[in-house]
2 protein chains.
Amino acid sequence: MVVASEKFNLKAYLAEKQALVEAGLDRCITVTYPETVSESMRYSLLAGGKRLRPILCLATAEMLGGTVESAMPTACALEMVHTMSLIHDDLPSMDNDDFRRGKPTNHKVYGEAVAILAGDGLLSYAFEYVAAQTKGVPTDRILKVVIQLGQAFHKLVCGQVVDLMSEGKSDMTPETLTYIHNHKTSALLEVSVLSGAILAGATDADQSKLLKYSKNIGLAFQIVDDILDITATTEELGKSAGKDLTAEKLTYPKLWGLDESRRQADKLVAEAKDIVSIYGEKSAPLMAIADYITARKN
Amino acid sequence: MVVASEKFNLKAYLAEKQALVEAGLDRCITVTYPETVSESMRYSLLAGGKRLRPILCLATAEMLGGTVESAMPTACALEMVHTMSLIHDDLPSMDNDDFRRGKPTNHKVYGEAVAILAGDGLLSYAFEYVAAQTKGVPTDRILKVVIQLGQAFHKLVCGQVVDLMSEGKSDMTPETLTYIHNHKTSALLEVSVLSGAILAGATDADQSKLLKYSKNIGLAFQIVDDILDITATTEELGKSAGKDLTAEKLTYPKLWGLDESRRQADKLVAEAKDIVSIYGEKSAPLMAIADYITARKN
């Protein structure tokens with residue numbers, strides 16, 4: 001088993017990168033007329049969160065010799081896409097959620113119409129921001145990121161549709177469960193890693209390896225999410241806990257049991273770390289982030 | 001006053017280009033699992049319509065020496081953005097419309113959740129499609145189109161928000177009316193022309209001229225829309241007629257009267273034709289399209 005460098009301080013690393021991402025996100029959107037929609041976009045975009053997707057993008061870019069500066073617009077765009085998917089998923093006609101990250105959901109504050117439009121605005125702005133703000137990177141790589149981001153979002157949409165179709169059905173197959181997670185959760189984590197790699201000029205071989213790394217942590221992430229839904233409190237999660245149980249949703253703990261779910265998540269993370277270990281010392285952040293996926297409490 | 005070449009057959013031109021656009025749009029989206037969302041996207045994208053935005057893009061590109069092939073992905077993307085804005089505008093929490101282009105609106109057929117997601121999917125796909133499918137054009141121009149499309153969509157969102165905020169208010173100022181039209185209608189017509197110009201390698205001077213052309217036809221288009229809302233029947237429009245009167249909305253006919261509104265639209269179109277007349281014979285399509293804006297019956 002590969003162990004992350006003991007010298008590497010993940011907590012300090014995440015804190016440093018989170019601060020950079022928060023500052024980057026804060027610069028993205030200025031409040032202009034009509035204020036309600038830019039405020040609504042900022043409300044959800046700056047509501048905290050782990051910023052896992054932007055950090056994965058920055059960490060991968062840096063591991064392959066890229067810079068934080070050149071990857072930051074894409075990092076921010078990933079968070080915009082993630083945020084808009086949460087805003088729309090929370091809508092009354094979708095998951096009908098009142099709280100997100102411990103705060104009232106966007107439509108609870110700004111109303112449904114503005115929440116839909118703020119989500120639309122964030123989605124479109126994500127593409128514009130990558131195209132307009134990425135500096136010092138060949139244009140063909142920037143176009144590739146735009147394409148990858150579009151493909152990932154398409155998967156998000158498909159995942160959400162299948163999730164909605166499966167609601168309340170007690171006969172969900174394990175294949176459907178995997179489909180939903182691959183599309184709804186993993187796809188954006190994958191493109192977070194891949195886009196960082198593309199911006200840094202990764203070879204096809206590098207991209208394949210990193211795709212495998214990201215698929216593993218994507219699935220591990222979802223298994224842990226399912227575990228936390230059972231074991232954590234609403235306060236710890238900042239969103240309603242136990243929702244999956246109430247909704248009679250198929251989850252990995254239901255499929256495998258809690259212990260086996262944890263074992264599977266640990267195995268996926270170990271494999272992911274093994275993959276990036278070939279990058280030596282520089283892989284310390286991606287190794288530690290993989291560990292963090294299973295160790296996290298929310 | 002500049003007159004369009006008498007030899008130019010606009011009807012045949014529009015029919016030819018419409019057929020190309022319809023075929024292009026039909027190729028864009030294939031029905032894959034989960035079928036409901038791709039079917040929902042196709043339902044609205046292939047629901048007919050004038051295809052004015054794609055045709056403006058193709059016509060401008062060709063006028064400046066570009067090809068239909070290289071502009072077609074952008075032309076389709078413009079229609080995707082236009083279509084998704086209609087799907088979301090029609091939602092119960094927005095304009096709450098039951099009919100569009102003579103057919104039940106998207107959410108009436110597929111439900112609200114899928115309609116929102118289909119709109120999201122079309123928006124994201126528009127950017128992806130431009131980036132992935134545009135061939136034979138330098139990548140920096142493709143990136144510029146992505147940026148322009150993003151900026152135009154941002155205006156659409158702002159226009160819709162101000163439109164919603166103004167609803168039922170009898171004290172709308174002419175400035176607000178102009179803001180809504182500039183953002184909700186003109187912005188996408190402008191980028192339709194500009195993106196065609198950019199793809200064909202237009203100079204900054206060309207782009208400025210064509211921006212003025214597009215702003216004029218954009219405003220004329222909206223004035224004519226307001227006139228038709230009063231003078232045309234629901235059958236002719238394919239959507240509810242007289243809506244503005246019922247909604248006590250400020251419109252150009254209310255502001256200026258019907259005759260003066262027509263005069264203003266004609267003047268804007270004459271100016272627009274004057275601008276593109278410098279491109280000689282090749283400007284025939286853009287000249288005729290400008291005329292069509294005021295002559296149309298729906």
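Chain naming here is simple, since letters A, B, ... match the order of the sequence lines and numbering starts at 1 in each.
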Between chain B and each of [options], count heavy-atom pairs under 4.5 Å; write down the option with the most.
| options | result |
| --- | --- |
| A/Gly150, A/Ser124, A/Ala126 | A/Ser124 |
| A/Gly119, A/Ser93, A/Ala132 | A/Ser93 |
| A/Asp140, A/Thr36, A/Val162 | A/Val162 |
| A/Leu123, A/Leu91, A/Leu164 | A/Leu123 |

Checklist entry - Is any side-chain heavy atom of B/Phe153 less than 4.5 Å from a side-chain heavy atom of A/Asp120? => result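 Answer yes - side chains close enough.
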Checklist entry - Below 4.5 Å, heavy atoms only, C-beta onward: do A/Leu117 and B/Met94 meet side chain to side chain? => result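 When only atoms from C-beta onward are counted, B/Met94 and A/Leu117 do touch, with a gap below 4.5 Å.
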Next on the checklist: Parallel, tilted or perpendicular: which one describes the rings of A/Tyr179 and B/Tyr33, with boundaries at 30° and 60°?
Outcome noted: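 Ring orientation, 0 to 90° scale: perpendicular.
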Checklist entry - Around atom NE2 of A/His154, are there more than 12 heavy atoms of other residues, nucleotides or ligands at under 6.0 Å? => result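 At most 12 heavy atoms, drawn from other residues, nucleotides or ligands, come within 6.0 Å of this atom.
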Checklist entry - Where is the tightest heavy-atom contact between B/Ile116 and A/His88, given as atom of each residue plus distance? => result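 Looking at all heavy atoms of both residues, the closest pair is CG2-ND1, 3.7 Å.
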Checklist entry - Can you say whether A/Tyr125 sits under 4.5 Å from chain B via the side chain, the backbone, both, or neither, judging by heavy atoms? => result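 Neither the backbone nor the side chain of A/Tyr125 comes within 4.5 Å of chain B.
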Item to check | Contacting moiety of A/Leu156, where chain B heavy atoms sit under 4.5 Å | outcome: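 Contact with chain B is absent: no heavy atom of A/Leu156 under 4.5 Å.
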Checklist entry - Looking at B/Ser85, B/Pro92, B/Cys158, B/Pro138, which has the largest count of heavy-atom pairs under 4.5 Å with chain A? => result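 Going by pairs under 4.5 Å, I would pick B/Cys158.
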Item to check | Residue, of B/Gln148, B/Met84, B/Gln151, B/Gln160, that accumulates the most heavy atom pairs under 4.5 Å with chain A | outcome: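 The option with the most such pairs is B/Gln151.
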Item to check | CD1-CG distance between B/Ile142 and A/Leu143, expressed to the nearest 0.5 angstrom | outcome: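 Going from CD1 on B/Ile142 over to CG on A/Leu143, the span is 5.5 Å.
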